[in-house]
Amino acid sequence: MPIVSQSEFRANMAKLLDQVEADAQEVYIYRQGKEAMVVMPMSRYESWKETDYLLSNPANRSHLLSARDRMDTGDGVEVEFGTDGRPVAARNRTGAAEAAE
């Protein structure tokens with residue numbers, strides 16, 4: 001994650017943007033007397049915004065964190081979805097097949 005000044009970003013913009021794309025990492029741009037900025041890949045930004053939205057509701061946040069904890073302890077089920085969005089296969093954490101609902 002490069003940290004550059006505004007003038008350095010301006011002088012090396014193409015190179016830095018190529019680096020952001022290649023590494024899927026952010027570039028931090030510091031500006032004298034102003035708030036710093038971040039440049040990141042659009043896909044990463046959209047993912048971050050979606051996560052922020054999903055975790056912003058306390059009930060949804062609790063449900064998601066509980067599900068993550070169940071997966072971490074081996075109590076969860078991994079589900080594979082088809083292109084139509086329907087589940088096509090499910091496995092518990094040990095790899096044993098389960099019926100997809």
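For the numbers below, each heavy atom of this structure counts, side chains included, while hydrogens, waters and symmetry mates do not. Only a predicted model underlies this, so the values are computations on that prediction, with no experimental measurement involved.
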Can you name the side chain to side chain donor-acceptor pair (under 3.5 Å) partners of Ser66, sequence neighbours left out?
Arg70

For Glu46, which residues count as a side-chain contact (heavy atoms from CB on, under 4.5 Å) partner, sequence neighbours excluded?
Met42

Is there a continuous path of hydrophobic side-chain contacts, each under 4.5 Å between heavy atoms, that joins Val27 to Met13?
yes

For Tyr45, look at atom OH and say whether over 12 heavy atoms of other residues, nucleotides or ligands are found less than 6.0 Å away.
no

Shortest non-hydrogen contact from Ala24 toward Pro41
CA-CG, 3.7 Å

Hey, quick one: are Ile29 and Leu17 part of the same hydrophobic cluster, counting side-chain heavy atoms closer than 4.5 Å, chains of contacts allowed?
yes

Do Leu16 and Phe9 have side chains that get closer than 4.5 Å, going by heavy atoms?
yes

Within residues 6-32 or reaching into it, pairs that qualify as side-chain hydrogen bond (donor to acceptor under 3.5 Å, both in side chains) - sequence neighbours excluded:
Ser5-Ser7, Glu26-Arg44

Distance col, row Leu65:CG vs Leu55:CG, nearest 0.5 angstrom, shows 6.5 Å

Residue pairs involving residues 50-61 (criterion side-chain hydrogen bond (donor to acceptor under 3.5 Å, both in side chains); sequence neighbours excluded):
none

Those residues at least two apart in sequence (or on a different chain) that pass salt bridge (Lys or Arg N to Asp or Glu O under 4.0 Å) with Glu80 are Arg91

Is there a path of hydrophobic side-chain contacts, each under 4.5 Å between heavy atoms of I/L/V/M/F/W/Y residues, joining Trp48 to Val20?
no

